[in-house]
Structures are given as structure tokens and as C-alpha cells.
Amino acid sequence: QVQLVESGGGSVQAGGSLRLSCAASTYTHSSVCMGWFRQAPGKEREGVAGIDRDGVARYADSVKGRFTISKDNAKNTLYLQMNSLKPEDTAMYYCAADPQRIWVGYLLTGGYYHYWGQGTQVTVSS
């Protein structure tokens, strides 16, 4: 069983930055695909960013150029650096992982991930 624990959420003003972290137990990051997803009240969950085992990343169009996904294999930690935050980025952010290779085109599709964290809230005020 893999446990994923997100942290780093909070409240910021528009234009600000936050860095989310996802600490993974058991897994060695180099062998899994991981991603960040978010869900705002009344909206469906959407993929924000994903990274495969080779370090290839994919981003949602809405966050390209503002968000950066990265992972530190030595620390078993996934990160999401979020810059130039907008009110529409307000949501609960979830970390997800899967031990199988996920084609880069599917990195933002939640159904391909087996393990999920509990989420961390991000609120951006205008």
C-alpha cells in the first residue's frame, strides 16, 4: 500500500506563488508515474501536471508557463511549483501515483493512477 501525503497548500493573493509537496511512502519515485490533480467545488476533477518515470512532464493548458512539476527521487517527494496564481486556480489539489508506465498523453487522466493522497487546499484571492 502506497501512502501519499500532500502539503504546502494555503491562501495567497493573485499573482503569488505556492509550492506543493507530496511525500510518498514505500515507493521509489524513479519507478512510478506521478501527477497533480485539482477539484474546485461544483467542478469535475482535472489533471494539472504529470511526470513519467523518465521525467517527461505534461501540463494542462491552463497552467502551462506558470506551474512546474518535479520530483526528488532521493527524498521520495513530488513537487508542484505554482507561480502567477489566479483565483481560478482555487481548488483542492491531489497527488496521485502509479507503478505502471503511463503514456505521456494520459498523464493528466486520473483513471490511470492507482494511488491518491488526501489533498491540500489552495485558495487564491483577487
Side-chain angles (χ1 to χ4, degrees):
Q1 184 71 22
V2 177
Q3 290 185 333
L4 303 173
V5 180
E6 302 96 334
S7 61
S11 297
V12 295
Q13 290 190 330
S17 298
L18 284 173
R19 187 176 80 157
L20 304 184
S21 299
C22 172
S25 66
T26 305
Y27 269 122
T28 299
H29 267 43
S30 60
S31 63
V32 305
C33 293
M34 302 194 74
W36 287 100
F37 293 78
R38 67 186 181 187
Q39 187 167 21
K43 295 187 177 181
E44 293 187 354
R45 182 183 65 194
E46 64 172 340
V48 176
I51 187 166
D52 72 7
R53 294 189 291 181
D54 297 322
V56 177
R58 186 181 182 197
Y59 298 92
D61 288 343
S62 59
V63 306
K64 280 181 182 177
R66 300 188 298 122
F67 291 11
T68 302
I69 189 172
S70 62
K71 55 182 180 176
D72 186 330
N73 293 332
K75 295 182 178 180
N76 280 351
T77 303
L78 179 75
Y79 301 100
L80 184 68
Q81 178 66 44
M82 306 186 296
N83 299 327
S84 302
L85 283 161
K86 304 175 181 180
E88 50 263 44
D89 295 317
T90 295
M92 184 71 79
Y93 282 71
Y94 298 92
C95 171
D98 197 274
Q100 303 299 319
R101 180 175 291 276
I102 301 174
W103 178 59
V104 64
Y106 294 146
L107 285 175
L108 302 184
T109 304
Y112 285 90
Y113 291 87
H114 190 74
Y115 299 105
W116 293 81
Q118 294 300 307
T120 185
Q121 178 68 39
V122 172
T123 302
V124 184
S125 59
S126 58

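Looking at heavy atoms from C-beta onward, Leu4 lies in side-chain contact with Met34 at the 4.5 angstrom threshold. Met82 has its side chain within reach of Val122: a pair of non-hydrogen atoms, C-beta onward, lies under 4.5 Å apart. For the pair Arg58/Leu108, a side-chain contact is recorded, criterion being any heavy-atom separation below 4.5 Å from C-beta on.
In this structure, Leu78 and Lys71 approach most closely via the heavy-atom pair CD1-CB, 4.0 Å. Taking both residues in full, the closest heavy atoms of Val56 and Leu107 are given as O-CD1, 3.8 Å, listed atom of the first, atom of the second, then distance. For Ser84 against Ser17, the heavy-atom pair with the smallest separation is N-OG, 4.3 Å. Across Glu6 and Tyr93, no two heavy atoms sit closer than the pair OE2-O, 4.1 Å. In terms of heavy atoms, Asp52 sits closest to Cys33 at CA-SG, 3.7 Å. Contact detail for Pro87 and Ala14: the closest heavy-atom pair is CD-CB, 4.1 Å.
Take Glu88 and apply the salt bridge (Lys or Arg N to Asp or Glu O under 4.0 Å) test, not counting sequence neighbours, and it matches no residue. For Ser70, there are no side chain to side chain donor-acceptor pair (under 3.5 Å) partners, not counting sequence neighbours. Residues forming a ring pair (Phe, Tyr, Trp, His ring centres under 6.0 Å) with Tyr113 (at least two apart in sequence, or on another chain): Phe37. With sequence neighbours left out, the salt bridge (Lys or Arg N to Asp or Glu O under 4.0 Å) criterion links Arg19 to no other residue. Residues passing the side chain to side chain contact (heavy atoms under 4.5 Å, CB included) test with Val5: none are found, sequence neighbours excluded. For the ring pair (Phe, Tyr, Trp, His ring centres under 6.0 Å) test, residues two or more places apart in sequence or in another chain that qualify with Tyr112 are Tyr106.
Listed by first and then second residue, the salt bridge (charged side-chain N to carboxylate O under 4.0 Å, His left out) pairs involving residues 112-126 amount to none (not counting sequence neighbours). The salt bridge (charged side-chain N to carboxylate O under 4.0 Å, His left out) analysis of residues 110-126, with sequence neighbours excluded, yields no pairs. Among pairs with a residue in residues 59-92, none fulfils ring pair (Phe, Tyr, Trp, His ring centres under 6.0 Å), at least two apart in sequence or across chains. Applying the disulfide bond (SG atoms under 2.5 Å apart) test to every pair with at least one member in residues 37-88, sequence neighbours left out, gives no pairs at all. Pairs of residues two or more places apart, or lying in two chains, that qualify as disulfide bond (SG atoms under 2.5 Å apart) and include a residue from residues 81-112 are Cys22-Cys95.
With rounding to the nearest 0.5 Å, the separation of OG1 in Thr120 from CG in Leu18 is 8.5 Å. Here CD1 of Ile51 is found 12.0 Å from CD1 of Ile102. Values are rounded to the nearest 0.5 Å. In this structure, Gln13 CD and Ser126 OG are separated by 9.0 Å, a value rounded to the nearest 0.5 Å.
At least one donor-acceptor pair closer than 3.5 Å links the side chain of Thr90 to the backbone N or O of Val124. Side-chain atoms of Thr68 never come within 3.5 Å of backbone atoms of Gln81 as a donor-acceptor pair (strictly under, hydrogens ignored). Judged purely by atom type and a 3.5 angstrom limit, Asp98 uses its side chain to pair as donor or acceptor with the backbone of His114.
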Next on the checklist: Could you go through Lys64 and Asp61, starting from their C-alpha distance and side-chain angles, then the distance that decides it, and tell me whether this counts as salt bridge (charged side-chain N to carboxylate O under 4.0 Å, His left out)?
Outcome noted: CA-CA 5 Å; Lys64 280 181 182 177; Asp61 288 343; 3.1 Å; yes
For residues 39-48, which side-chain donor-acceptor pairs fall under 3.5 Å, sequence neighbours excluded?
unit_1, atom_1, unit_2, atom_2, d
Gln39, NE2, Lys43, O, 3.1
Glu46, OE2, Arg38, NE, 2.6
Glu46, OE2, Arg38, NH2, 3.1

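A continuous path of Ile, Leu, Val, Met, Phe, Trp and Tyr side chains, each step under 4.5 Å between heavy atoms, connects Val32 with Trp36, placing both in one hydrophobic cluster.
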